[in-house]
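These notes are about the structure you will find just below.
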Amino acid sequence: VGFGAFGRVGHITVEACVVMSQMGFCVAYIIFITENLWRYVKWLFTTPDSMTWVLIPSLVLLCWIRSMQVLAPFSLMSVLLIF
């Protein structure tokens with residue numbers, strides 16, 4: 001759409017907006033996880049920020065998993081623990 005309306009500049013602008021939007025979603029998700037986990041593991045970390053810096057590498061490692069089948073046993077265990 002951006003390319004059709006404004007050429008290369010429009011295309012780059014649209015792509016940049018999409019990237020910034022996705023980064024905003026990711027940051028909001030990390031903040032959400034940190035705030036929810038902070039309630040249970042306050043004693044382990046001095047501040048929520050320190051917990052966030054520990055959380056980010058673990059999320060990066062989870063993102064590198066190529067097959068969802070690897071996570072299936074953990075998903076089953078979590079469902080069983082809910083009940």
Legend entry - For the student: nearest non-hydrogen atoms of M51 and L37, plus distance: CE-CB, 3.3 Å
Legend entry - From OG1 (T47) to CH2 (W53), nearest 0.5 Å: 11.5 Å
Inset, instruction - Applying side-chain contact (heavy atoms from CB on, under 4.5 Å), run through V54 and L44 and close with a yes or a no. - result: CA-CA 11 Å; V54 170; L44 247 166; over 6 Å; no
Inset, instruction - Following the transitive rule for hydrophobic clusters with a side-chain heavy-atom cut-off under 4.5 Å over Ile, Leu, Val, Met, Phe, Trp and Tyr, establish whether V60 and V19 coincide in one cluster. - result: no
Legend entry - Contact check, side chains of S58 and L55, non-hydrogen atoms, under 4.5 Å: yes
Legend entry - I12 side, atom CD1; F6 side, atom CZ - distance, nearest 0.5 Å: 14.0 Å
Legend entry - Common cluster, V14/M20, ILVMFWY with side-chain heavy-atom separation under 4.5 Å: no
Legend entry - Test item: T13 side-chain N/O and V9 main-chain N/O as donor-acceptor pair under 3.5 Å: yes
Inset, instruction - Spell out, yes or no, whether M68 and V70 are grouped together once hydrophobic residues are joined by side-chain heavy atoms under 4.5 Å, including indirect joins. - result: yes
Inset, instruction - Indicate the atoms forming the closest heavy-atom contact of S50 with F45, along with that distance. - result: OG-CB, 3.5 Å
Inset, instruction - Give the cluster check for V18 versus V27: same hydrophobic cluster or not, with ILVMFWY residues linked at side-chain heavy-atom distances below 4.5 Å. - result: no
Legend entry - Cluster link Y40 to I82, ILVMFWY, side chain under 4.5 Å: no
Inset, instruction - Taking T34 for its side chain and I30 for its backbone only, find out whether a donor-acceptor pair lies under 3.5 Å. - result: yes
Legend entry - Distance in Å, E35 CD paired with T52 OG1, rounded so as to fall on 0.5 Å steps: 9.0 Å
Inset, instruction - Rounded to the nearest 0.5 Å, what's the gap from CD1 on I31 to SG on C26? Could you check? - result: 11.5 Å
